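Worksheet: one structure, shown below.
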Number of protein chains: 2
Amino acid sequence: MNIGYAASHSGLPAKTIRYYEDIGLVKPLRDTNGYRAFQESELHKLSFLARSRALGFTIEDCRTLLALYEDQERASGDVKMVARQHLEKIEAKITDLKSMRETLSHLIEACAGDHRPDCPILKGLSKVAPETA
Amino acid sequence: MNIGYAASHSGLPAKTIRYYEDIGLVKPLRDTNGYRAFQESELHKLSFLARSRALGFTIEDCRTLLALYEDQERASGDVKMVARQHLEKIEAKITDLKSMRETLSHLIEACAGDHRPDCPILKGLSKVAPETA
DNA sequence: ATAAAGGTTCCAGAGAGGGGAAGGTCAAGG
DNA sequence: CCTTGACCTTCCCCTCTCTGGAACCTTTAT
């Protein structure tokens, strides 16, 4: 199957698939005309990548997960460890964003938002930077 | 004041300050020796940038906010609009990450995580990609 | 025969800087 | 006076994950 078919069935843009080949995540065969020829197994890997990326795993995470995916002997504990580390990162990001949300929504609430120039948001942003702890 | 002082008092690395000058966010004067000479007003702008970036505003957001910051006549409503749009983006990201967290933690819970190869996480990731609605 | 729809490669750019080389300058110490 | 070390300068390449476009080739349909 050609790259267009692989793209529509994996959920990844063709451009992205070519990029994944570039960085060695997939290794499709080639037809005599030079077109990439994807096998079922490569298509599965592409879907795997699409889902992993959608869950926010980095490319390097994906490389690790793919290796584990292809290793019939691997322990599920190895996979779980990667997943759990990623879950921690996700939770850290959520915490971070929530903190931003609090700060920003306080600033917004304090601002009249009318035609007058006085603005607590800008005042808040111009305060001395917090300790870079 | 030199860039090192400006860096330590604004909370931004010197590299970042040079970059901000490159893209026109700050315009420090120069000493005769070629060193950047920051005035108080530029230092305030750098602190403003540091805080805005820490709240996740993009550089372009910062450019807008900085222009509003410097415009004594601007309406606070203009600032509030930028801030509110950004708050919406933050909230969307939080929603997104929470959804990832749900999916991932379900997968992790289902996985024994021992020495055996059977792994629901990889199985979950290898399913057909969801409709790209 | 031709045109459209696919495929190929390569180059450039995004955002937001970071790393490090090669070199100029400044202040202190011997 | 000379050196050492800490600054500062510019410059270019690297990151990460693609995305867009140009120039070109192949297949399919009309």
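All values derive from a computational prediction rather than experimental measurement. First the proteins, then the strands, lettered A, B, ... as listed; each starts at 1.
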Salt bridge (charged side-chain N to carboxylate O under 4.0 Å, His left out) between A/Asp114 and B/Lys80, worked out: CA-CA 9 Å; A/Asp114 54 22; B/Lys80 193 165 184 169; over 6 Å; no

Give B/Ile23 one of three labels, base, sugar-phosphate or nothing, depending on what nucleic acid heavy atoms sit under 4.0 Å from its own. nothing

If I take atom [atom1] in residue [X] and atom [atom2] in nucleotide [N], what distance separates them, rounded to the nearest angstrom?
{"X": "A/Ile17", "N": "D/dT19", "atom1": "CD1", "atom2": "C1'", "result": "14 Å"}
{"X": "A/Tyr5", "N": "C/dG7", "atom1": "OH", "atom2": "P", "result": "13 Å"}
{"X": "A/Asp22", "N": "D/dC16", "atom1": "CG", "atom2": "C1'", "result": "14 Å"}

Annotated protein contacts, base or backbone, on nucleotides 9-17 of chain C with a non-hydrogen cut-off under 4.0 Å, one of B, S, - each: BB-----BB

Please tabulate the protein-to-nucleotide N/O contacts below 3.5 Å involving nucleotides 27-30 of chain D, giving atom names and distances.
residue, atom, partner, partner atom, Å
D/dT27, OP1, A/Asn33, ND2, 3.3

I'd like to check A/Gln39 versus A/Leu29 (side-chain heavy atoms, cut-off strictly below 4.5 Å). Are they in contact? yes

Looking at every non-hydrogen atom in both residues, tell me the closest pair between B/Ala110 and B/Pro120 and how far apart they are. O-CG, 3.1 Å

Minimal non-hydrogen separation, A/His44 against A/Tyr69, with atom names: CB-OH, 4.1 Å

Interatomic spacing from SG in B/Cys111 to CG in B/Leu122 - rounded to 0.5 Å: 8.0 Å

Charged N-O contact under 4.0 Å between A/Glu21 and A/Arg18: no

Among B/Lys93, B/His86, B/Glu91, the one residue meeting side chain to side chain contact (heavy atoms under 4.5 Å, CB included) with A/Arg101: B/Glu91

